[in-house]
Amino acid sequence: MKNDSAKNKSIHVQIVLFDGFDLLDALGPYEVFAAAGMYSGGAVTVELVSAEGKRSVPSGLNGPSLEAKAALDPHLPGMIVVPGASGKPAGNSEDSIPHVLRQTMKTRLPELLKQAFNDKDVTMVTVCGGTLLPAMEGLLKDRHAVTNHLGMPALGALGAIPVEARVVEDGPRFVSGGGVTSGIDTALYLVDRELGPRIANAVEKLFEYEKRGTVWRAEGNEPIDFQASPKAADVK
């Protein structure tokens, strides 16, 4: 049976760049969405954007720059993907991830993310440390989310509900991915969700990559926590 609703969908994806961003966090999802657009006859379009508009944006650890083609539009229907930062995982040096994220919080990006989170026509997607940016703005309070394993304590301290999973969906409008390469899995899940498994499978075959992990959602039977309740192990 043909899925006409998926066939007629048109999705625009904005991938946000900021000084010190992680290349794979951004380019992994970019390639997935671009390939999905190719296989769907243009049902998906994707572009690189920044809070400041068209500019060359340097990646972290003295990596190459990418060209942001336009300014982030927080009210453009579709998806916004926020990558994490690249750098030393701890410390306060200029090339550390905490420093890069703090500097990013001083730009216009947090306010734009706030507008996007409040727009019902926008799906927010975060990858790895990118989940910490809306959390630092107070946008993830009491919401389920995942980030790089090193940032999970900080995510909880910022009011989110950390979930140890590869990809976490907190309602249809907020999806987060854990580690750096999870951006590929997150994008593949969204392609499957929005356009169907045949398009997602075609992208997987092209990349010779199979999506990893079960997407966590707050639904279904809740597993027993044997560590929290040791007596549960004795129940037959």
Heavy-atom count check: over 12 atoms from other residues, nucleotides or ligands less than 6.0 Å from [X] [atom1]?
X      : atom1 : answer
Glu111 : CD    : yes
Arg102 : CZ    : yes
Asn62  : CG    : no
Glu210 : CD    : no

Backbone of [Y] reached by a side-chain donor or acceptor of [X] within 3.5 Å:
X      : Y      : result
Asp25  : Gly84  : yes
Ser59  : Leu23  : no
Arg173 : Val122 : yes
Asp170 : His144 : yes
Thr126 : Val82  : no

If every non-hydrogen atom of [X] is compared with every non-hydrogen atom of [Y], which pair is closest and at what distance?
X     : Y      : answer
Ala26 : Leu17  : CB-CD2, 4.0 Å
Ile97 : Ala85  : CD1-O, 3.6 Å
Gly91 : Ser96  : O-OG, 3.0 Å
Gly28 : Ile184 : CA-CG1, 3.9 Å
Asp19 : Val100 : O-CG1, 3.4 Å
Glu47 : Ala70  : OE1-CB, 3.9 Å

Atom [atom1] of [X] and atom [atom2] of [Y]: how far apart are they, to the nearest 0.5 Å?
X      : Y      : atom1 : atom2 : result
Leu150 : Cys128 : CG    : SG    : 8.5 Å
His149 : Leu155 : NE2   : CG    : 14.0 Å
Phe18  : Ser50  : CZ    : OG    : 11.5 Å
Asn201 : Lys211 : CG    : NZ    : 11.5 Å
Thr131 : Asn148 : OG1   : CG    : 9.5 Å

- Task: Please assess Met136 against Leu158 for the test side-chain contact (heavy atoms from CB on, under 4.5 Å), listing each intermediate value before the final yes or no.
- Result: CA-CA 6 Å; Met136 292 166 74; Leu158 291 166; 3.8 Å; yes

Heavy-atom distance under 4.5 Å between the side chains of [X] and [Y], does that happen here?
X      : Y      : value
Thr104 : Leu133 : yes
Phe174 : Glu169 : no
Ile199 : Ser40  : yes
Lys88  : Ser93  : yes
Arg212 : Ser182 : no
His12  : Met79  : no
Leu66  : Leu27  : yes

- Decide yes or no on side-chain contact (heavy atoms from CB on, under 4.5 Å) for Leu188 and Val203, but give the supporting numbers first. CA-CA 8 Å; Leu188 281 167; Val203 176; 3.8 Å; yes

- Item | Qualifying residues under ring-ring contact (aromatic ring centres under 6.0 Å, His included), relative to His99, sequence neighbours excluded | none

With the 4.5 Å side-chain cut-off for hydrophobic clustering, are [X] and [Y] part of the same group?
X      : Y      : result
Leu76  : Leu190 : no
Met124 : Ile11  : yes
Leu101 : Leu139 : yes
Tyr189 : Tyr209 : yes
Val16  : Phe117 : yes

Test: [X] and [Y] ion pair at under 4.0 Å:
X      : Y      : result
Lys114 : Glu137 : no
Arg166 : Asp185 : yes
Arg198 : Asp192 : no
Glu67  : Lys54  : yes
Glu52  : Arg55  : yes

- Query: Do Val146 and Trp216 pass the side-chain contact (heavy atoms from CB on, under 4.5 Å) test, and can you show the C-alpha distance, the side-chain angles, and the key distance before you say yes or no?
  - Reply: CA-CA 10 Å; Val146 65; Trp216 186 95; over 6 Å; no

- Val49, Val175, Thr123, Val127 screened by side chain to side chain contact (heavy atoms under 4.5 Å, CB included) with Val81, the one that passes: Val127

- Item | Worked verdict on Thr45 versus Phe33 for side-chain contact (heavy atoms from CB on, under 4.5 Å) | CA-CA 7 Å; Thr45 52; Phe33 288 122; over 6 Å; no

